[in-house]
Structures are given as C-alpha cells and as structure tokens.
Amino acid sequence: MALSIYTPTSSSLVPPSIQEVRLTSRPPKPATFSLRRPHLAARAAAGNAPTSPVREVVTELDAVAGFSEIVPDTVVFDDFERFAPTAATVSSSLLLGITGLPDTKFKSAIDTALADGECNALEKAEDRMSCYLTKALANVGAELAHQVPGRVSTEIDARLAYDTQGIIHRVHELLNLYNQHDVSTDRLLFKIPATWQGIEASRLLESEGIQTHLTFVYSFAQAAAAAQAGASVVQMFVGRLRDWARHHSGDPEIDEALKNGEDAGLSLAKKVYAYIHRNGYKTKLMAAAIRNKQDVFSLLGIDYIIAPLKILQSLEESVTDPDVKYGYVPKLTPAIGKTYNFTEEELVKWDQLSLSAAMGPAAEELLASGLEGYVNQARRVEELFGKIWPPPNV
C-alpha cells in the first residue's frame, strides 16, 4: 500500500482532508499504508507557490502536495501510531507480508480465515484455498477499515481477469464478508484488472453503487473505456511504459509520442486526463511507476501520484522559499480537455472489438505481465495456506 499526503483536490478514494496508502508488490515486505501528513502552515494553492507571513520552512513536497494527492509507494507496517494511516489496500502481497512476520496484529485475521467452517467443508483443495484467500482478504481488510478513516481497496483475484461474472461474483462475496464485519460499501474500492471483461464488470458494479479501481492500464483505449464504464479510479503506470519504449518499437501510440518528442508514459497520462475532463467523467486518474522527481513535477494536477519513498524523501529534503513563485504550477488542468485534439477513432463508444484493435503491443505485453505477477502472488498465498493449515486450535 502507500501513504498519501493531503491535497485540496477532491478525492474519490478518501475524504479531502486525509491521505491514502497502498500496497507495494515486493514481498516479503509487509504492506504500505496511507499516512496523514502533519498540518502545514504553508501550502501550495491554486497555481501559486506557497506563501507564509512568518517564513515557515516549505519543502518541495509541501509544494507539490498542493496540486495532486501524493501516495508514497512504500511499506510501513509497524508505524500506525507514528504515521496515523488513513486508507489502505489489501492484496495477496499484503497477506504474504503478514504471514512472513513472526507476530502482527493481523495474524489472527488470517488464522480466523483458515479456521472457517464454510471453507473447510469444501471437498476440492483448490476450492478450499481460494475460499481461504477470499476470507483472509476480507478479514484483514476489515481490520484495516476499523483502523483507518478512509477507504480500503481490495484486490480481485487476477485469475478472474477475463471472467466478467466471476469478477462480479467475487466482489459480491467480498462485499458480503465486509458487511458482516460492519464495513459499509462506501468505505470500499475493488481493484480490478483493466481487461475488457474487467472494464465491463466495473460498469455493472458501479451501476450498483460499488466503487471500482481499475489497474494495469497501459493504453488510451483501456483508460477511455474505463472512464466510459464509470470506474471510480484508473491507475496508469508511467515508468513501465517508458521502460517498454526504451527497448521496443512498433507500438503506434508510443511511436507517435516519441515522434512528437514526448515521453510515452507522461504523454498517455496527459491524454487520458484531457479525455476524462473533456467528457466530464467522474473517474479519478492515478499515476504509478514514478521514476524521478521530474515525473512528479510533470504530472502535477493529476488526481493521485504514487511515488517511491526515495523520491519523496528527496522532495522533503529540498527546501524552497515560501515567498518565491518556484514554478510549482499544475501541468494538468481540466482546461486541457477543451484544447486537446482527439481523433474521431478515439472519441468512439468503446466496445470489446474496438478496444482489442486499439491496444498496441506495449499494453498487451505489460497487461499480460502484470496479470502473471498477480496470479503468481495469489498462488503463493494459497500454497502457503496449504502448508500452515490448520491453524492453532482448529
């Protein structure tokens, strides 16, 4: 998970006065949570550099947090008291981290899942393990929901990525489990891979008032289809697209950006942001796989920026003069939706065929790679559960 720092911008993930945190995918580290940043007297605001009548110290991190919600991509597990987390994400990666620790407050949530009579009654071992995984996600997520005021996002099994009804069924299962723990629907997001089937599941779930978080978005077509579906959050991976572009060619979307002298990942983020605001969609845009401070500056104005801790530490250590307009201005504003030039093909009503035709090799390869990683993590959790079952006292 990760930390998020307060920003005046609106948020569909957490209330505007708090921050958010999500999980990294680097087991066996435990988890990341959103941290509440201490109140700052000097804060960037509405296109102006931070000002202060008493010359408070203002860091670059203070400045950029005025334009986008900053979500540090880090792992913090024992710092609830120190950092006052406000939101969280629960995933297979988090479960691996919990089981890898000798003692943690969340261990009992997993033990309870492994002692569940409904799961134990299933005849097939693979069905039992899948049941344990679902129960464990909900149990840990509920624990987090009772400790943080913001939302909890729950990963949907990537093995269901191409099964719309399977995704919907799993979300309803999780939602029912959360409700049994007195966690209301408005406290929850469900993190779904942005396949066509995942996007269609998002559309149907959002129509029920269930908020979705689409991930593994690597193309304009995916993002546009997700926005049309009404997804609450769309997560893009700026650095991964840049990495792909450095070693490959032949993707029309990326080749066009490079021809115009633009970075492939940043160009896509700008284009999607413009599209969302041009059409008035409710979707919030999240940029991940941030590689350096310049990426942060180039994305200012986007709803969420997930950045590695080392980048945020560098921003925190860089002090600026609060009375100087330091160039901290939003690079992405709703106004670009009116001026961005879209082709007729990009403004279509997206369906499965048009999405498939528009996804280039970069999106196809990176989506497949991301799904494989998530599937492997889920299998690792189930294998581990098989080794440690039954838990004590069962």
Do Y178 and E173 get their side chains close enough for a donor-acceptor pair, meaning under 3.5 Å? no
Practice item. Report yes if some heavy atom in the side chain of E60 is under 4.5 Å from a heavy atom in the side chain of S314; otherwise report no. Key: no
For A136 and A113 the tightest heavy-atom approach is N-CB, 3.5 Å
Modelled atom types, side-chain donor and acceptor of S267 and E262, under 3.5 Å | yes
- Query: Going by heavy atoms in the side chains, are F190 and L175 under 4.5 Å from each other?
  - Reply: yes
Will you find, in the side chains of Y374 and T215, an N or O donor that is under 3.5 Å from an N or O acceptor? no
Verify side-chain hydrogen bond (donor to acceptor under 3.5 Å, both in side chains) between T164 and Q197, making sure each step is shown before the conclusion.
CA-CA 5 Å; T164 296; Q197 291 79 3; 5.8 Å; no
Of all heavy-atom pairs linking R278 and Y340, the shortest is NH1-O, 3.9 Å
**OP:** May I ask you to check whether S108 and D111 show a side-chain donor-acceptor distance below 3.5 Å?
**Re:** no
**Request:** Would you check if T154 and L189 make a side-chain contact, meaning some heavy-atom pair closer than 4.5 Å?
**Result:** no
So CG of D163 and CD1 of I168: to nearest 0.5 Å the spacing works out to 9.0 Å
Nearest heavy-atom approach of G250 to P361 is O-CG, 3.8 Å
Common cluster, L177/L114, ILVMFWY with side-chain heavy-atom separation under 4.5 Å: no
* Are D182 and H146 close enough that a side-chain donor and a side-chain acceptor fall under 3.5 Å? -> no
Single-linkage hydrophobic cluster V375~L94, side-chain heavy atoms < 4.5 angstrom:
no
query = Between L312 and F297, is there a shared hydrophobic cluster once you connect ILVMFWY residues whose side-chain heavy atoms come closer than 4.5 Å?
reply = yes
Query raised in the report: With hydrophobic residues grouped by side-chain heavy-atom distances under 4.5 Å, do V217 and Y162 end up in a single group?
Result: yes
Is the backbone N or O of G301 less than 3.5 Å from a side-chain atom of S68, with the two atoms forming a donor-acceptor pair by type? yes
* To do: Please determine, by modelled atom types, if S92 and Q377 share a side-chain donor-acceptor pair under 3.5 angstrom.
  => no
TODO: State, without any angle test, whether D295 and S298 hold a side-chain donor-acceptor pair at a distance under 3.5 Å.
DONE: no
Closest non-hydrogen atoms of I290 and I305, given as atom of the first, atom of the second and distance, are CG1-CG2, 3.9 Å
Rounding to 0.5 Å, atoms CG (L366) and CE (M359) come to a distance of 9.0 Å
Taking every heavy atom of A226 against every heavy atom of T283, the minimum-distance pair comes out as O-OG1, 4.3 Å
query: Do L61 and V64 come close enough that some side-chain heavy atom pair is under 4.5 Å?
result: yes
ask   = Hey, are K259 and E256 close enough for a salt bridge, meaning a charged N less than 4.0 Å from a carboxylate O?
value = yes
So CG of L266 and CG of L241: to nearest 0.5 Å the spacing works out to 10.0 Å
Note to self: Using side-chain heavy atoms (C-beta onward) and a distance below 4.5 Å, is Y275 in contact with L347?
What the structure shows: yes
field: Donor-acceptor pair between S219 and Q222 side chains, under 3.5 angstrom
entry: yes
*Does some side-chain heavy atom of T59 sit less than 4.5 Å from a side-chain heavy atom of L315?*
no
To the nearest 0.5 Å, atom SG of C131 lies from atom CD of E382 at 10.5 Å
Item to check | Student check: side-chain heavy atoms of L160 and I192 closer than 4.5 Å | outcome: no
Test log, rule side chain to side chain contact (heavy atoms under 4.5 Å, CB included), inputs I276 and V272:
CA-CA 6 Å; I276 288 172; V272 173; 3.9 Å; yes
**Study point:** Pair K135-E118, salt bridge (charged side-chain N to carboxylate O under 4.0 Å, His left out): steps then yes or no
**Key:** CA-CA 10 Å; K135 299 272 187 175; E118 180 183 356; 3.1 Å; yes
Set out, in order, the CA-CA distance, both residues' side-chain angles and the distance that settles side chain to side chain contact (heavy atoms under 4.5 Å, CB included) for T212 and V233, then state yes or no. CA-CA 7 Å; T212 58; V233 179; over 6 Å; no
For F220 and L268 the tightest heavy-atom approach is N-CD1, 3.4 Å
* **Residues R128, E123: salt bridge by 4.0 Å N-O rule** => no
Value for OG (S91) from CG (L137), rounded to nearest 0.5 Å, stands at 7.5 Å
Across all chains, not counting sequence neighbours, the salt bridge (Lys or Arg N to Asp or Glu O under 4.0 Å) partners of K270 are none
Could you check whether Y132 and D127, counting side-chain N and O atoms only, form a donor-acceptor pair closer than 3.5 Å? no
Residues 229-248 vs ring pair (Phe, Tyr, Trp, His ring centres under 6.0 Å), sequence neighbours excluded, gives Y218-F237, W244-H248
- Message: Test side chain to side chain contact (heavy atoms under 4.5 Å, CB included) on K331 and V329; report intermediate values, then the result.
- Response: CA-CA 6 Å; K331 300 300 189 295; V329 295; 4.0 Å; yes
request  = Give the C-alpha distance, both sets of side-chain angles, the deciding distance and a yes or no for side chain to side chain contact (heavy atoms under 4.5 Å, CB included) between R170 and D157.
outcome  = CA-CA 8 Å; R170 181 59 51 85; D157 195 331; 3.7 Å; yes
_Side-chain touch V348/E344, heavy atoms, less than 4.5 angstrom_ = no
* Got a donor-acceptor contact below 3.5 angstrom from the S354 side chain to the D351 backbone? -> yes
Problem - Same apolar cluster: L204 and L188, side chain cutoff 4.5 Å - result: yes
Does D303 use its side chain to pair, donor to acceptor, with the backbone of M286 at less than 3.5 Å? no
Exam field: side chain N279 to backbone Y281, donor-acceptor pair closer than 3.5 Å: no
Counting only heavy atoms not in N341, do more than 12 sit closer than 6.0 Å to its CG atom? no
- Message: For E126 and R379: C-alpha separation, side-chain torsions, deciding distance, then whether salt bridge (charged side-chain N to carboxylate O under 4.0 Å, His left out) applies.
- Response: CA-CA 10 Å; E126 58 268 28; R379 287 173 176 163; over 6 Å; no
Short N-O contact, K282 and E206, less than 4.0 angstrom = yes
Does either side chain, that of H172 or that of E208, offer a donor lying less than 3.5 Å from an acceptor on the other one? yes
Contacts of E365 meeting salt bridge (Lys or Arg N to Asp or Glu O under 4.0 Å) (sequence neighbours excluded), chain-then-number -> none
One should read off an interatomic distance between H169 NE2 and I156 CD1, to the nearest 0.5 angstrom, of 11.5 Å
Determine, stepwise, if the pair E383 / R380 fulfils salt bridge (charged side-chain N to carboxylate O under 4.0 Å, His left out).
CA-CA 5 Å; E383 289 171 3; R380 287 181 59 194; over 6 Å; no
Open item on the list: If the threshold is 4.0 Å, N to carboxylate O, is there a salt bridge linking R246 and D243?
Closed with: yes
